[in-house]
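Notes to accompany the following structure.
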Amino acid sequence: MEFTPIETEGLVMEELNSGFKHMPVVLDDMRPDEVLVEMKYTGICHTDLVASAGAYTVLDFPAVPGHEGAGVVRAVGPEVKDTSLKVGASVILSFNHCDSCANCSAGHPACCSRFEHLNLAAKRLDNSNSAKLTDGRRVSSQFFGQSSFLKLSVVSQHSVIQCPYPENLALYAALGCGFQTGAGTVLNALKPSVDDSFLIFGAGTVGIAAIMAARYLGLRQIIVVDIVNEKLELAKELGATQVVNSREVKDIPCEIQKITDGGARFAIDCTGVSAVIDMMIDCVCCRGTVGVVGSPDPNFVLKLDPVHLLHNNKTVRGICQGDSIAQEFIPRMMELHRSGNFPLEKLCSFYDVKDFEQAINEVRNGKIIKPILKWS
Ligand SMILES: [Zn+2]
Ligand SMILES: [Zn+2]
């Protein structure tokens with residue numbers, strides 16, 4: 001497929017720990033099964049920030065992260081299967097998958113056997129990429145199949161979801177990872193019943209999405225732990241039945257055992273903080289399940305006690321992207337928003353791309369929930 005190189009721009013991580021730099025990037029390759037997308041909005045996720053700090057050893061620098069893109073299709077390769085993807089269509093971008101391994105075929109694309117390579121290594125399966133810097137250095141530009149910190153990007157067809165509501169592109173940018181991860185963990189992976197107690201650590205984007213999904217199901221007890229009182233207030237407003245500030249309570253497992261009368265049925269970590277997962281195991285009841293949902297920091301060490309797990313029949317499981325099929329679950333979340341169950345307006349804050357450092361600082365300080373960059 002012939003492709004005339006296009007100069008665009010993006011937030012590039014030139015090397016490990018160098019942070020992001022707004023600079024020109026040249027797209028010089030597009031395959032027949034790919035889609036050229038012009039970003040209008042890109043959400044910033046915790047995963048982008050930890051990638052810059054070296055959380056993913058498979059990722060070669062320079063690289064462009066970004067995995068919550070929302071934009072407009074500018075070109076469609078002749079082998080793209082989804083015929084709704086036409087030039088000019090509004091689209092939301094999500095994670096990539098191979099579409100052919102056993103888990104993909106069984107309807108679990110977030111468990112794709114090539115997930116790490118196709119998403120975190122930011123390369124195609126054949127190790128190639130679609131972009132270079134103006135000095136000729138190749139760039140890892142297939143992050144989650146999209147590298148949506150690029151204004152124009154060559155995107156895997158499996159990362160593209162048509163959006164029938166172009167007027168809501170700005171809000172729906174956040175659905176591609178954070179909201180899908182939190183809501184999918186509740187609705188697709190754990191599927192609690194109304195009588196279950198559900199414990200959520202961390203009231204950021206992922207945790208808040210889990211709260212909204214749990215309230216949508218009408219769960220009896222939705223308990224939220226965080227260190228920022230403003231976030232706990234928001235959690236209550238969105239459906240938390242009890243909140244705990246872990247800076248003010250000394251023994252969290254003891255407090256949770258008390259609130260739940262013996263331990264929560266489910267507990268999920270949306271913080272990625274090492275100590276939280278160990279603590280969660282003591283917060284769930286016999287036969288309880290602990291979900292590892294947030295991207296853990298690179299030096300994570302778990303102090304698992306297998307005897308305690310055995311005698312209490314507890315489960316610890318990883319849940320990636322809420323075990324979602326993005327092509328089905330993202331439209332479902334759009335409908336949850338439209339029916340008033342997902343008040344995204346309360347959660348998203350918008351910044352011009354040039355103000356990306358301010359956006360990152362404000363989410364790190366707990367001032368905002370979901371920063372979304374606006375491309376001009
Ligand atoms: Zn697969
Ligand atoms: Zn993410």
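Everything numeric in this text was worked out from a predicted model, so none of it was measured. Just follow the structure's listing: the first ligand is 1, and inside any ligand the first atom is 1.
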Practice prompt. Quick one: the NE2 of His67, the Zn ion (ligand 2), SG of Cys45 angle, rounded to 10°, please.
Written response: 110°

Worksheet, complete the sentence: SG (Cys101) to the Zn ion (ligand 1) to SG (Cys98), nearest 10°, is 110°

Practice prompt. Measure across Val186 and Pro192 and return the closest heavy-atom pair with its distance rounded to 0.1 Å.
Written response: O-CD, 3.4 Å

Worksheet item: Taking Asp126 for the side chain and Ser128 for the main chain, is one N or O donor matched with an acceptor at less than 3.5 Å?
Response: yes

Fill in: Row check, Tyr165 ring normal vs Arg338 NZ/CZ: under 6.0 Å, within 45°
yes

Item to complete: Please state whether the separation between the Zn ion (ligand 1) and some N/O/S atom of Cys112 is under 2.8 Å?
Response: yes

Discussion item. Are Phe95 and Phe144, when compared by the centres of their aromatic rings, separated by less than 6.0 Å?
Written reply: no

Worksheet item: Does any N, O or S atom in Cys104 come within less than 2.8 Å of the Zn ion (ligand 1)?
Response: yes

